[in-house]
Amino acid sequence: MALMDFVKKQFIDIIEWMEAGDGTLAWRFPMADREIQNGASLTVRESQMAVFVNEGKVADVFGPGMYKLTTQTLPVLTYLKNWDKLFQSPFKSDVYFFSTRQQVDQRWGTTQPVTIRDKDFGAVRLRAFGNYAYRIADPKAFHTEISGTRDTYTVAELDGQLRATMLQHISDAVASSGIAFLDLAANQIEFASQLQQATAPAFEKLGLKLEAVTVQNVSLPEELQKILDQKIGMGMVGNDMGKFMQYQTAQSLPEFAKGAAGGGVVGDAMGLGAGVALGQVMAQQLNQGLQGAGAAGAAAAAAQAAGVRPDEVMATLEKLAELKAKGILTGEEFDAKKAELLKKLV
């Protein structure tokens with residue numbers, strides 16, 4: 001007991017924080033039942049700040065340096081405690097240290113597509129991800145708003161809140177940048193700058209400074225990407241529907257071949273239809289090459305007179321095959337209709 005009484009009477013004469021590792025934003029100096037010796041030494045290292053808190057109220061804030069704690073160096077605490085200027089007795093106060101180093105490589109990203117307005121497409125759902133870096137700039141605000149009286153407060157505990165804050169301002173950043181979606185990929189630096197400007201005020205309210213934002217990728221959901229690819233394909237052929245159909249037919253051949261390889265009525269019909277469609281495309285191109293623009297016009301007129309497109313025939317065959325599978329059509333009825341449709345392609 002005598003030893004414990006001796007320990008309790010010990011006064012604190014050195015106050016400092018030796019950071020053991022990364023990831024700690026705030027740390028409370030262990031006081032136990034001890035008091036701070038008047039004239040004690042306070043050491044605040046570079047990338048740190050220290051805050052004295054008296055009965056829940058933030059008193060004096062110290063930046064990097066070494067301080068001798070007296071009524072002169074603790075003016076706010078002296079006022080709160082109504083000390084005389086010559087006060088020299090030990091005193092109690094909570095002391096918190098804050099790391100002001102940059103917390104780098106913090107990840108942000110859209111878990112679900114975010115809908116934004118776009119001047120080309122009207123509305124677009126996009127995905128984006130990147131990283132950001134921040135630091136504590138106002139320890140008083142951070143203590144009041146975030147860390148409070150906790151013994152420690154870590155980067156991981158704040159991660160979810162800051163990530164949600166970043167995502168909340170994506171739409172604002174796109175609108176402020178004035179960059180169309182198709183140009184975002186080529187202007188990721190500008191997009192990141194706008195996202196930083198849009199999000200920084202929210203960080204400041206928490207006592208933080210958003211130091212940097214990077215955008216690593218911007219993309220569309222898969223189904224919208226397919227539509228965009230088609231639009232790009234149309235643009236590449238000068239919005240010529242005939243040329244676009246030729247391009248689509250050539251792109252579809254591998255899929256038709258897979259269907260034909262699978263066997264069955266639908267596979268045979270699709271394989272045959274694809275072969276006929278490709279033959280027509282190649283014949284048209286050969287005629288255009290041999291006979292010039294006049295022959296091309298005649299071929300187009302003939303195709304228009306026929307009034308049947310290969311993709312329409314194949315779509316009809318698929319529907320007929322479904323009717324046959326459900327028992328609505330007999331095998332003979334299906335074969336007759338298939339022969340009738342395929343004649344129109346020859």
Side-chain angles (χ1 to χ4, degrees), residues 21-25 99-137 146 154-239 244 247-248 250-252 254-255 258:
D22 296 330
T24 301
L25 293 172
S99 173
T100 57
R101 290 186 295 137
Q102 283 198 45
Q103 306 301 324
V104 299
D105 197 26
Q106 305 300 308
R107 306 300 177 88
W108 66 271
T110 55
T111 55
Q112 298 294 332
V114 177
T115 301
I116 64 169
R117 291 188 178 276
D118 183 77
K119 61 183 181 181
D120 291 335
F121 299 101
V124 174
R125 291 187 299 125
L126 63 79
R127 298 180 186 273
F129 65 86
N131 55 27
Y132 64 98
Y134 69 93
R135 72 165 79 239
I136 293 178
I146 301 296
T154 65
V155 171
E157 293 175 284
L158 193 57
D159 178 69
Q161 174 67 27
L162 297 185
R163 185 180 303 178
T165 302
M166 295 290 295
L167 299 182
Q168 184 180 3
H169 291 86
I170 286 181
S171 298
D172 297 336
V174 174
S176 299
S177 68
I179 302 173
F181 171 78
L182 291 178
D183 300 324
L184 279 179
N187 293 274
Q188 290 185 0
I189 294 179
E190 176 62 23
F191 178 36
S193 175
Q194 294 296 331
L195 182 56
Q196 180 176 355
Q197 293 180 29
T199 312
F203 275 63
E204 291 176 6
K205 292 180 180 179
L206 304 180
L208 305 174
K209 181 180 180 182
L210 184 59
E211 292 286 356
V213 175
T214 64
V215 177
Q216 297 176 348
N217 181 267
V218 179
S219 62
L220 290 173
E222 183 178 355
E223 65 274 13
L224 292 180
Q225 186 63 51
K226 292 179 179 178
I227 297 175
L228 178 59
D229 290 342
Q230 290 184 344
K231 182 176 178 65
I232 293 174
M234 285 290 293
M236 292 175 65
V237 296
N239 293 318
F244 182 68
Y247 169 78
Q248 288 285 77
Q251 292 294 313
S252 301
E255 296 298 324
K258 291 179 183 178

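What you are looking at is a predicted structure, and each value in this text was computed from that prediction instead of being measured. One-based numbering along the sequence shown.
- The structure places CG of Leu210 at 9.0 Å from CG of Leu162, a figure rounded to the nearest 0.5 Å.
- Judged purely by atom type and a 3.5 angstrom limit, Thr154 has no side-chain atom pairing as donor or acceptor with the backbone of Gly23.
- The shortest heavy-atom contact between Ala133 and Gln102 is CB-OE1, 3.6 Å.
- Within the model, atoms CG of Leu126 and OG of Ser171 stand 7.5 Å from one another, a figure rounded to the nearest 0.5 Å.
- For Arg101, the side-chain hydrogen bond (donor to acceptor under 3.5 Å, both in side chains) partners two or more places apart in sequence, or in a different chain, are Glu19, Asp22.
- What you find for His169 and Ala198 is that their closest heavy atoms are CD2-O, 3.2 Å.
- Looking at heavy atoms from C-beta onward, Phe203 lies in side-chain contact with Met166 at the 4.5 angstrom threshold.
- Not a single donor-acceptor pair under 3.5 Å links the side chain of Arg135 to the backbone N or O of Lys209.
- Taking CD1 from Ile146 and CG from Leu25, the interatomic distance works out to 10.0 Å, rounded to the nearest 0.5 Å.
- Legend: residues meeting side-chain contact (heavy atoms from CB on, under 4.5 Å) with Gln106, ordered by chain and number and at least two apart, are Gln103, Tyr132, Tyr134, Val155, Asp159.
- Between Gln196 and Glu211, the shortest heavy-atom contact is NE2-O, 3.3 Å.
- Partners of Thr165 under the side-chain hydrogen bond (donor to acceptor under 3.5 Å, both in side chains) rule, at least two apart in sequence or in another chain, do not exist in this structure.
- Residue Asp105 holds its CG atom at 5.0 Å from CG of Asn131, rounded to the nearest 0.5 Å.
- When side chains are defined from C-beta on, Val213 does not count as touching Phe191, because their heavy atoms never get closer than 4.5 Å.
- Here CZ of Phe129 is found 10.0 Å from OG1 of Thr214. Values are rounded to the nearest 0.5 Å.
- Between the CD atom in Gln194 and the OG1 atom in Thr199 there is a gap of 10.5 Å [rounded to 0.5 Å].
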